[in-house]
There are 2 protein chains.
Amino acid sequence: MYNQPEPRIVIIEDDQTIREGYAYLINHTSPYTVVATYPSFDSARNKIVRDNPDVIILDIQLPGTNGIDALPVLKRLLPDVYIIMLTVYETEKTILDALANGASGYFTKNTPTAKLIEAIRDVVQGGGPMSPDVAKTVILSLQRNPDSPLTRRETQILELMTTGKDRGQIAKELFIEIETVRTHTKNIYSKLNVNSKAEAIQVAKDKRLV
Amino acid sequence: MYNQPEPRIVIIEDDQTIREGYAYLINHTSPYTVVATYPSFDSARNKIVRDNPDVIILDIQLPGTNGIDALPVLKRLLPDVYIIMLTVYETEKTILDALANGASGYFTKNTPTAKLIEAIRDVVQGGGPMSPDVAKTVILSLQRNPDSPLTRRETQILELMTTGKDRGQIAKELFIEIETVRTHTKNIYSKLNVNSKAEAIQVAKDKRLV
DNA sequence: AAAATATCACCCTTTAAGGGGTATTTTTTA
DNA sequence: TAAAAAATACCCCTTAAAGGGTGATATTTT
């Protein structure tokens, strides 16, 4: 068994204080090495492959190319790199976009360096660390509306509708007749004040009914 | 300003060692109070409202009613309670189901009590703590397939399709003609080897293309 | 016992979707 | 900078799936 070399870190963050602060503390209080820091993605672009980082700490609000747009590029340049996002303002969409595009972790900027170092350890071990507020947003995005007007069966059928299944497939899956599925569908439409599958799916997503 | 009373904790966990271990350590090393512990949800059902907990630590694998099914019932009984799930085996579906049904946090059972106490603090402060492995699963569930055969535009259109929008709405939203949407749709179908919107959505969900 | 939920059936109408073909412009990449 | 890929747009024709209306019985929950 070979000794794994300690992870190499690159920080891309426009605020000099934060950038240098994290770099200093990671270098001096952790086994990891910050091999380079950049104030923007555009300045990192041509050098980062040679830096050969294992983990990139990437700010979202950057001058020029922002962190979200940088993500897929970095992933293409360095397919195996772990990316931890850093941000001040976190909207649900931003967070979800970042994660959808391959971020491994997500923290707000008030995160103490010690937590960030923990996070680096977690990602290289295959985990997906997030600060509690980010996790909360993610959880919320997964959570259903507890005040749904739909019954259990209706919710179930609506959910199957959102997956693109048609009446026949839904009926088969639930071991009921197509006509029963129709009846439920009509009740769903009436409760949601819509009159098409498409609208129902939109309301469902909108109100987190499924 | 009144002093907030310290959070009251209930633990529902069938393994006596774990149950009593957590209870003891929470009571003795944290400001929180474990007001009751139960070996099953069924045994907790009639008493838990009187326990008036702020946070419930809920095991998933329970004799009788399992933790996932217990979740909605607990939420109805105690609408404002925070629930932290505890589990040994975590499949993606289990985790996502738990979160969809109102869990506030999610940990695997090897979690040290200190982390659990941190988690209790986090949830009462509105956060959504998860252990890194759970977070990883959640992140993975949000992540797109990096090897999608679709172009950017196609992905965008497929995504809009999954939200139930029809050609017309998609065209309007993207400021292009309906016929262009059609062309993209045809290309999507051909790349995904399908020939209907429904199938496309199913493949999209299946392969995490959107 | 009443109310809510879930089940099944038949009529008829409409429309959004799908197949096939062609062509120009813009953007990306080698 | 030339070639390839992606994005844009139009026409013809066909049909499956969806939707509206109405009525009825069985099962569960409260």
Side-chain angles (χ1 to χ4, degrees), chain A residues 42 45-46 49 65 69-70 72-73 75-77 147-204 209, chain B residues 45-46 49 65 69 72-73 75-77 147-204 209:
Chain A
D42 301 313
R45 187 167 209 143
N46 295 314
V49 174
T65 311
D69 293 334
V73 185
K75 275 284 173 180
R76 198 151 46 96
L77 256 31
D147 300 319
S148 170
L150 304 181
T151 68
R152 185 181 296 250
R153 197 55 147 181
E154 286 163 358
T155 303
Q156 198 176 15
I157 287 175
L158 183 57
E159 178 161 23
L160 290 171
M161 288 201 288
T162 66
T163 69
K165 296 205 164 67
D166 64 30
R167 295 168 180 174
Q169 291 176 292
I170 293 175
K172 196 168 291 177
E173 197 158 325
L174 300 181
F175 303 106
I176 56 178
E177 293 304 306
I178 287 188
E179 282 302 323
T180 304
V181 175
R182 285 206 70 198
T183 306
H184 284 303
T185 305
K186 288 173 190 172
N187 292 332
I188 292 169
Y189 290 0
S190 130
K191 286 184 182 177
L192 302 187
N193 277 111
V194 300
N195 47 16
S196 76
K197 184 178 175 176
E199 286 177 279
I201 291 174
Q202 287 173 55
V203 174
L209 264 23
Chain B
R45 188 167 210 145
N46 295 314
V49 174
T65 311
D69 293 335
V73 184
K75 275 283 174 182
R76 197 151 46 97
L77 256 30
D147 300 319
S148 170
L150 304 181
T151 69
R152 185 179 299 250
R153 198 54 149 181
E154 287 163 356
T155 302
Q156 198 175 15
I157 286 174
L158 183 56
E159 178 160 23
L160 290 171
M161 288 201 289
T162 67
T163 69
K165 295 205 164 67
D166 63 30
R167 294 167 180 172
Q169 291 176 292
I170 293 174
K172 197 168 288 176
E173 195 158 327
L174 300 181
F175 304 104
I176 57 179
E177 293 304 307
I178 288 187
E179 283 301 324
T180 305
V181 176
R182 285 207 71 200
T183 307
H184 284 303
T185 304
K186 288 173 189 172
N187 291 332
I188 292 169
Y189 290 1
S190 129
K191 285 183 182 178
L192 302 188
N193 278 112
V194 301
N195 47 17
S196 77
K197 185 179 176 177
E199 285 178 281
I201 292 173
Q202 287 174 54
V203 174
L209 265 24

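Everything numeric in this text was worked out from a predicted model, so none of it was measured. Note on naming: letters A, B, ... go to the chains in the order of the sequence lines (proteins, then strands), and numbering restarts at 1 for each one.
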From C-beta outward on B:Arg152, which listed nucleotide comes closest to its side chain: C:dT7, D:dA7, D:dT22? D:dA7
Of the options C:dG19, C:dC11, C:dG18, whose atoms approach the side-chain atoms of B:Arg167 most closely? C:dG18
Reckon A:Thr180 touches a base, only the sugar-phosphate, or nothing at all at heavy-atom distances under 4.0 Å? base
What verdict does the side-chain contact (heavy atoms from CB on, under 4.5 Å) test give for A:Leu174 and A:His184, after you've listed the backbone C-alpha separation in whole Å, the side-chain angles of each residue and the deciding distance to 0.1 Å? CA-CA 12 Å; A:Leu174 300 181; A:His184 284 303; over 6 Å; no
Can you tell me the distance, in whole Å, between the CG atom of B:Asn195 and the P atom of D:dT15? 15 Å
Atom NZ of A:Lys172 to atom C1' of D:dA17: distance rounded to whole Å? 15 Å
Whole-Å distance, B:Lys165 NZ to C:dA17 C1', equals 18 Å
Evaluate side-chain contact (heavy atoms from CB on, under 4.5 Å) for A:Ile176 paired with A:Arg153, printing each intermediate quantity in order. CA-CA 11 Å; A:Ile176 56 178; A:Arg153 197 55 147 181; 3.6 Å; yes
Could you tell me, to 10°, how much the axis swings from one end of the helix from C:dA1-D:dT30 to C:dA30-D:dT1 to the other, five pairs per end? 90°
Atom pair distance, as rounded to whole Å: CG in A:Leu160 and C1' in D:dA18: 17 Å
Taking B:Glu154 for the side chain and B:Thr151 for the main chain, is one N or O donor matched with an acceptor at less than 3.5 Å? yes
Check: A:Lys186 side chain, D:dG21 base, donor-acceptor under 3.5 Å: yes
Of the listed D:dG20, C:dG18, D:dT8, the closest approach to the B:His184 side chain comes from D:dT8
Just compare C:dG19, C:dA6, D:dA6 and give me whichever is closest to any side-chain atom of B:Lys191. D:dA6
Starting the side chain at C-beta, find the nucleotide from D:dG19, C:dG19, D:dT8 nearest to B:Ile176. D:dT8
Min side-chain heavy-atom separation A:Leu160-A:Val181 under 4.5 Å: no
Within less than 4.0 Å of OP1 or OP2 of C:dT5, is there a side-chain N or O belonging to A:Asn187? no
Mind checking the CG-OG1 spacing from A:Leu158 to A:Thr163? Nearest 0.5 Å is all I need. 10.0 Å
Does any donor-acceptor pair link the side chain of B:Lys197 with the base of C:dG18 at a separation under 3.5 Å? no
Could you work out which one of D:dG21, C:dG18, D:dA6 sits closest to the side chain of B:Thr151? D:dA6
Any donor-acceptor pair under 3.5 Å from B:Gln169 side chain to B:Lys165 backbone: no
Side chain of B:Arg153 only, heavy atoms from C-beta on: which candidate in D:dT8, D:dC10, C:dT7 is closest? D:dT8
In whole angstrom, give the distance that lies between atom CZ of A:Arg182 and atom P of D:dG23. 16 Å
Within this structure, what is the CG-NZ distance for the pair B:Asp166 and B:Lys197, rounded to the nearest 0.5 Å? 6.0 Å
Integer-rounded Å distance: C:dT5 P and A:Leu158 CG: 16 Å
Going from OG1 on B:Thr180 to CZ on B:Arg167, what distance comes out if it is rounded to the nearest 0.5 angstrom? 12.0 Å
Sugar-phosphate only, base, or nothing, as touched by B:Glu177 at under 4.0 Å among non-hydrogen atoms: sugar-phosphate
Can you tell me how far P of C:dT15 sits from CG of B:Asp166, to the nearest Å? 12 Å
What is the separation between atom CD on A:Gln156 and atom P on C:dA6, rounded to the nearest whole Å? 9 Å
Which nucleotide wins on minimum distance to the side chain of B:Thr183, given the candidates C:dT5, D:dA9, D:dA7? D:dA9
Which of the following nucleotides, C:dT7, C:dC8, D:dG19, is nearest to the side chain of A:Glu179? C:dC8
